[in-house]
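Structure first, commentary second.
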Amino acid sequence: MIRAASWSFGFVVLALVLLLSLGWTEAHGFLSMDVTDLWAKSIVQIDGPVQFKATDAFYPPVPYALSLLGQAILPDTQVPVPFVLSALVGAGLLVMWFLNLRDTGQFSGVTAALVVLLLALNPFFLRALADGPETMFCILGTWLFARGIVNLRLTGNAPDMMKVAVGLLVVALSDSYGLMLCLGAMPFMIVAARPSMIAASSTGYLVAMFYPVLAAVGSLMFVSMIFDSRLVPLLSETATPLTLREHLVILAGLGPAAFVAILRNILIPRLFMPLLAAVGAVLGGYTLNTFFHVEGDPAMALAPMLGVLIAAIRFWPNLPLREPIAITLMALSLLTSALVMRHVAHNETRVWTNAMLGKENAASRPTQEVVSFLRDKSEIMVDVEKNPQIVVGLGNIDRLVIAGEPAYDWALEGGVPRTNYIVVPRQAERQITADRILRRFPQLRLSQLPGYEEVFQNSQWLVFERINEWK
């Protein structure tokens with residue numbers, strides 16, 4: 001009882017510390033688009049009208065469902081609900097990694113704590129934490145997969161086969177990039193399998209591993225097709241063009257440490273082969289992502305390697321100097337990751353790095369300005385799905401007129417807008433318009449909508465106020 005209470009207390013303290021790191025970056029103007037989208041959807045679904053008409057798909061379902069639950073429990077919180085989920089998953093991972101190293105890997109408590117601490121301070125872990133629960137669940141699933149695939153090679157038991165399948169399932173249902181990891185893992189599953197399994201039925205082995213993923217994703221695709229939601233287009237993000245040198249720089253963050261970790265078992269094929277397969281699965285997913293751009297930030301595409309790294313260290317043989325080498329390896333990985341993060345080309349990671357260093361994010365000021373302007377206004381028509389920053393900035397939708405409400409639907413279906421205010425993003429002439437209000441009233445680009453006048457503008461936003469009824 002006392003031990004359970006102490007572990008619970010430690011878990012809560014860890015979660016609070018991780019929340020503080022997230023609060024630090026938010027205070028300096030960083031909030032990832034994944035967190036913004038997820039929190040805005042949760043606010044709209046829980047606090048919005050019952051008749052709200054969502055057009056975006058609900059993939060990935062696990063973080064989305066948990067965010068809805070969190071928003072329902074904490075409806076008026078000023079802390080982003082995805083931050084709470086991310087901190088809880090991160091704290092859970094750190095506790096499980098410590099117990100796994102100490103109890104199963106037979107590392108001393110001090111060494112296990114130092115290894116986990118260095119991993120928690122790794123910029124890839126902290127950046128994944130700030131990216132939201134999708135990436136954290138992806139790391140969790142990759143760790144389960146890596147553990148399971150090694151144990152499956154050692155024992156060949158059905159429970160270990162299920163660990164592999166569950167790990168892949170968690171990855172696939174927690175992040176759209178998880179689909180790339182699952183596809184990347186497929187060719188390496190043969191490398192990791194016990195020879196007896198391959199001899200019995202290689203096809204049956206692969207089907208048993210991937211059937212839960214195929215069934216779950218197939219079901220989501222079917223539901224998406226029935227409800228005509230945009231699931232497949234939603235899976236891709238804006239590509240970040242990188243040269244081969246830039247990709248190699250990113251891979252240098254966690255790649256060398258992962259290879260050193262698995263090479264410690266190169267003389268033990270039953271451990272080396274499945275660990276090599278786990279590393280290959282992450283690298284395969286990263287390679288596929290360079291073509292399909294499911295994860296826009298390449299640094300976050302490599303983040304699941306953290307789960308493989310800790311799994312590889314856990315299976316190190318109990319040889320002399322094992323523990324000092326593990327601590328040194330994690331310290332060197334932390335240093336290389338810190339250097340890599342300073343040179344990542346993706347804008348979000350650059351902004352996060354600057355926020356961690358205490359530098360303000362100037363790009364967030366226009367949104368802060370428009371939110372301050374709107375805070376005492378009412379009946380504001382805005383496309384909340386395409387402009388989630390407005391919802392997150394206000395913290396609720398009490399003042400907003402959104403899809404599903406008569407005034408919004410009337411305007412978009414050919415009627416005359418009747419709301420007090422209209423908010424749209426400021427766009428260049430040839431830029432593709434995603435905002436549905438701008439598509440319906442393109443005159444807003446030129447501030448020429450009859451009955452409305454421009455009352456606020458900055459580099460990102462335009463706000464219009466109704467001045468009289470349409471004639």
Side-chain angles (χ1 to χ4, degrees), residues 89-90 93-94 96-97 100-101 115-116 118-131 134-150 164 167-168 170-172 174-175 177-185 187-188 191-192 242 246-265 272 274-290 294-295 297-316 326 329-341 344 346 349:
V89 177
L93 275 172
L94 295 178
M96 288 189 292
W97 287 344
N100 190 243
L101 288 174
V115 168
V116 171
L118 291 169
L119 198 60
L121 294 175
N122 191 295
F124 275 92
F125 182 85
L126 295 175
R127 173 67 182 93
L129 193 73
D131 201 50
E134 295 101 326
T135 306
M136 296 307 296
F137 274 115
C138 203
I139 294 173
L140 170 62
T142 306
W143 176 62
L144 292 174
F145 165 75
R147 281 187 63 206
I149 202 169
V150 176
V164 177
L168 291 172
V170 170
V171 165
S174 299
D175 193 349
Y177 173 63
L179 298 176
M180 297 295 99
L181 289 175
C182 290
L183 291 174
F188 294 98
V191 175
L242 297 178
E246 289 170 324
H247 280 296
L248 292 176
V249 167
I250 293 170
L251 291 172
L254 294 174
F259 275 109
V260 170
I262 66 172
L263 286 173
R264 285 279 290 173
N265 287 313
F272 176 72
L275 289 172
L276 179 64
V279 171
V282 177
L283 294 180
Y286 184 95
T287 303
L288 289 173
N289 189 64
T290 61
V294 175
E295 172 55 64
D297 188 343
M300 290 300 90
L302 188 64
M305 190 69 81
L306 291 167
V308 178
L309 179 57
I310 199 72
I313 292 175
R314 171 259 177 271
F315 285 104
W316 278 6
L329 179 64
M330 297 308 297
L332 291 174
S333 176
L334 190 155
L335 291 176
T336 57
S337 298
L339 292 173
V340 165
M341 282 294 178
V344 172
H346 193 268
T349 294

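For this chain, numbers begin at 1 and follow the sequence in order. From a predicted model like this one, the values you see are computed outputs, not experimental measurements.
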N/O donor-acceptor pair under 3.5 Å between Y177 side chain and A301 backbone
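Yes, the answer is positive, given that a donor and an acceptor are paired below the 3.5 Å cut-off.
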Side chain to side chain contact (heavy atoms under 4.5 Å, CB included) against [X], all qualifying residues, sequence neighbours excluded:
X    : result
L276 : I262, F272
V249 : V340, H343
A172 : L179, C182, V213, V217
A128 : T135, M136, I139, M300, A303

Kindly write out the residues that satisfy salt bridge (charged side-chain N to carboxylate O under 4.0 Å, His left out) with R314, not counting sequence neighbours, or none if the list is empty.
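Listed in chain order: nothing, the list is empty.
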Atom pair [atom1]/[atom2] of [X] and [Y] - distance to nearest 0.5 Å:
X    : Y    : atom1 : atom2 : answer
L119 : F124 : CG    : CZ    : 12.0 Å
L242 : T290 : CG    : OG1   : 9.5 Å
L306 : L254 : CG    : CG    : 5.0 Å
F145 : T142 : CZ    : OG1   : 8.5 Å
W97  : L309 : CH2   : CG    : 8.5 Å
N265 : F315 : CG    : CZ    : 9.0 Å

Indicate the atoms forming the closest heavy-atom contact of [X] with [Y], along with that distance.
X    : Y    : result
E134 : D175 : O-CB, 3.8 Å
L275 : V150 : CD2-CG2, 3.6 Å
A261 : I313 : CB-CG1, 4.3 Å
G167 : L144 : CA-CB, 3.9 Å
V279 : V308 : CG2-CG1, 3.6 Å
A331 : L118 : N-CD1, 3.8 Å

Evaluate the side-chain proximity of L101 to I310: yes if any heavy-atom separation is below 4.5 Å, no if none is.
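Heavy-atom side-chain distance check passes, below 4.5 Å.
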Answer yes or no: is there a side-chain heavy-atom contact under 4.5 Å between L283 and L251?
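Yes, side chains in contact.
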Which residues pass the side chain to side chain donor-acceptor pair (under 3.5 Å) test with R127, not counting sequence neighbours?
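Partners of R127 under the side chain to side chain donor-acceptor pair (under 3.5 Å) test: D131, D297, E348, T349.
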Chi angles and distances behind the side-chain contact (heavy atoms from CB on, under 4.5 Å) call for I149, F188
CA-CA 11 Å; I149 202 169; F188 294 98; over 6 Å; no
When the side chains of residues 332-339 are checked against the rest of the protein, which donor-acceptor pairs come out under 3.5 Å, sequence neighbours left out?
{"from": "S333", "atom 1": "OG", "to": "N122", "atom 2": "ND2", "distance (Å)": "3.4"}
{"from": "T336", "atom 1": "OG1", "to": "G253", "atom 2": "O", "distance (Å)": "3.2"}
{"from": "T336", "atom 1": "OG1", "to": "L332", "atom 2": "O", "distance (Å)": "3.2"}
{"from": "T336", "atom 1": "OG1", "to": "S333", "atom 2": "O", "distance (Å)": "3.0"}
{"from": "S337", "atom 1": "OG", "to": "N122", "atom 2": "OD1", "distance (Å)": "3.3"}
{"from": "S337", "atom 1": "OG", "to": "N122", "atom 2": "ND2", "distance (Å)": "3.3"}
{"from": "S337", "atom 1": "OG", "to": "G253", "atom 2": "O", "distance (Å)": "3.1"}
{"from": "S337", "atom 1": "OG", "to": "S333", "atom 2": "O", "distance (Å)": "2.7"}

Qualifying residues under ring pair (Phe, Tyr, Trp, His ring centres under 6.0 Å), relative to Y286, sequence neighbours excluded:
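Residues passing ring pair (Phe, Tyr, Trp, His ring centres under 6.0 Å) with Y286: H247.
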